[in-house]
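Read the structure below first, then the notes.
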Protein chains: 2
Amino acid sequence: MSADESSKGRPRDRSAGPALMAAARELVLARGYEDVSIRAIVERAGVGRQTLYRRWPGKADLVLDAFLESVDWVRAPDADLGVGAALERYFRDLFVNLREDAPAIRSLIASAQGDAEFLVRFRERFVEPRAVLVAAILERGVEAGELRGDIDVGATVAVLHGAFWYPMLLGEVLDDDRAKTLVDIVLRGVAR
Amino acid sequence: MSADESSKGRPRDRSAGPALMAAARELVLARGYEDVSIRAIVERAGVGRQTLYRRWPGKADLVLDAFLESVDWVRAPDADLGVGAALERYFRDLFVNLREDAPAIRSLIASAQGDAEFLVRFRERFVEPRAVLVAAILERGVEAGELRGDIDVGATVAVLHGAFWYPMLLGEVLDDDRAKTLVDIVLRGVAR
DNA sequence: TTACATACGGCACTGCGGTCTCGTAACATG
DNA sequence: CATGTTACGAGACCGCAGTGCCGTATGTAA
């Protein structure tokens with residue numbers, strides 16, 4: 001699967017892909033996703049346009065690769081933490097790592113709204129790994145007796161992540177306080 | 001404010017605006033937001049392109065007007081309902097009204113990600129009215145002693161709405177069960 | 001009636017995303 | 001070496017968003 005070498009014809013220039021990802025990352029960070037044209041990326045990378053389209057379906061997939069390269073930590077939570085502390089730590093880390101990349105992620109979510117195939121890839125690469133991680137924290141909490149046994153883990157994951165997508169997509173700042181408040185609401189609820 | 005009649009020069013054709021909104025709504029519902037071109041809208045409305053740009057900054061604002069015309073119910077909650085029932089009713093109604101319009105709303109949220117000025121208008125027209133309404137339900141619940149007195153109303157509003165944005169933007173179905181589960185999690189929390 | 005101001009439909013223009021073709025380059029096979 | 005196959009940079013081409021300009025139409029004010 002990794003060896004997609006047809007072994008026939010001229011081999012691909014192995015430096016072109018990384019050069020395109022680097023160019024895309026630099027330009028998007030400097031000017032913002034929608035102010036960076038495909039033409040500008042390939043020019044900066046010093047390649048032809050087809051060389052990009054031979055590797056990615058379009059700008060969204062290229063930028064997804066370019067940014068997930070650095071965001072793909074998704075580290076496992078410490079097993080000795082309580083659910084509240086583990087969740088808070090997860091979201092604080094997420095917000096820190098997103099401080100620089102949030103505009104790009106927002107634009108990728110936007111791109112996915114009109115492109116069902118890219119939405120699938122974005123889910124696989126960005127959404128699902130984080131959902132799985134949070135689900136694991138919650139299930140650990142259930143087993144430890146910290147959380148109720150009848151909770152809907154999938155729905156809780158969606159509530160937690162939605163609570164961070166919503167302000168992000170509205171252009172608000174994601175700080176530590178928000179992580180704490182968010183986790184507190186979902187754990188304790190607001191009812192008396 | 002309503003009489004933006006300069007009283008000088010040729011008056012605007014009063015039928016052009018409604019014709020454009022109707023054309024936009026029909027085409028977007030039929031083909032989807034990103035498959036409808038500005039050119040197609042003005043052609044269907046039987047007007048020139050500048051006639052559109054004289055009234056709206058672009059497609060996003062036109063479609064926002066065209067769809068909020070029908071979505072702008074935002075009815076006040078019944079005062080005799082408990083917080084849980086009022087919230088459930090609110091989200092069930094929201095999901096029903098969005099069953100047809102959700103794709104368009106998704107595309108508008110997408111448009112707002114690369115256009116800060118449109119984001120402001122989208123917040124004012126779509127986000128804030130609903131946030132105010134849910135905040136009122138929550139505050140009523142606090143006064144009635146149904147909710148704790150120390151809750152962060154704004155954060156709770158964000159958690160509730162985020163929990164509906166997240167699945168919507170991921171292309172999932174918004175049904176009554178989701179409304180119930182969502183409200184249940186936020187009210188009761190997941191902790192034991 | 002004569003200015004003046006604004007709206008109108010139509011169209012040209014630029015820059016973009018995406019597709020396609022050209023001539024050339026780099027590899028494997030025989 | 002010759003042949004076949006694929007990648008390469010370059011650039012033509014299409015449809016679109018957005019802007020600007022044209023000649024014309026429709027209103028108000030002198």
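Please read these numbers as outputs of a predicted model, since none were measured by experiment. In what follows, every chain begins at residue 1, and chains take the letters A, B, ... in the order their sequences are listed.
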Every protein N/O lying under 3.5 Å from an N/O of nucleotides 15-18 of chain D:
{"from": "dA17(D)", "atom 1": "OP1", "to": "I38(B)", "atom 2": "N", "distance (Å)": "2.9"}
{"from": "dA17(D)", "atom 1": "OP2", "to": "I38(B)", "atom 2": "N", "distance (Å)": "3.2"}
{"from": "dA17(D)", "atom 1": "N7", "to": "R39(B)", "atom 2": "NH1", "distance (Å)": "2.7"}
{"from": "dG18(D)", "atom 1": "OP2", "to": "Y53(B)", "atom 2": "OH", "distance (Å)": "3.0"}
{"from": "dG18(D)", "atom 1": "N7", "to": "R49(B)", "atom 2": "NH1", "distance (Å)": "3.3"}
{"from": "dG18(D)", "atom 1": "O6", "to": "R49(B)", "atom 2": "NH1", "distance (Å)": "2.9"}

Determine: side-chain N/O of R10(A) to OP1/OP2 of dC8(D), distance under 4.0 Å, yes or no. no
Shortest non-hydrogen contact from L169(A) to Q113(B)? O-NE2, 3.0 Å
Once you round it to whole Å, what is the distance between P of dG11(D) and CD of E43(A)? 12 Å
Nearest whole Å is fine: how far is dG18(C) P from E117(A) CD? 13 Å
So, OP1 or OP2 of dG9(C): does either fall under 4.0 Å of a side-chain N or O from T51(B)? yes
Looking at dC8(C), dT5(D), dT19(C), which one has an atom nearest to any side-chain atom of Q50(A)? dT19(C)
Identify whether any heavy atom of V42(A) sits under 4.0 Å from a base atom; if not, whether one sits that close to sugar-phosphate; answer base, sugar-phosphate or nothing. nothing
If you look at every heavy atom in I137(A) and V83(A), which pair is closest and at what distance? O-CG2, 4.0 Å
Considering all heavy atoms of both residues, which atom of L20(A) and which atom of A45(A) are nearest to each other, and what is their separation? CD2-CB, 3.7 Å
Distance, rounded to the nearest Å, where R12(B) contributes CZ and dG9(C) contributes C1': 16 Å
Nearest whole Å is fine: how far is dC8(C) P from R14(B) CZ? 12 Å
Whole-Å distance, L27(A) CG to dC16(C) C1', equals 15 Å
E88(A) and R92(A) ion-paired at < 4.0 Å: yes
Nearest non-hydrogen partners of L174(A) and P167(A), listed with the distance: CD2-CG, 4.0 Å
If you assign G9(B) and V47(B) each to the DNA chain C nucleotide with the nearest heavy atom, which residue ends up on the more 5' nucleotide? G9(B)
In whole Å, I'd like the distance from the CZ atom of R54(A) to the P atom of dC20(C). 13 Å
Round to a whole Å and report the spacing from CG of L20(B) to C1' of dA7(C). 14 Å
CG of D35(B) versus C1' of dG17(C): gap in Å, rounded? 14 Å
Smallest separation among heavy atoms of I109(B) and M168(B), with atom names: CD1-CE, 3.8 Å
Are R55(B) and dC8(C) close enough that a side-chain N or O sits under 4.0 Å from OP1 or OP2? yes
Distance under 6.0 Å and angle within 45° of ring axis: R55(A) vs Y53(A): no
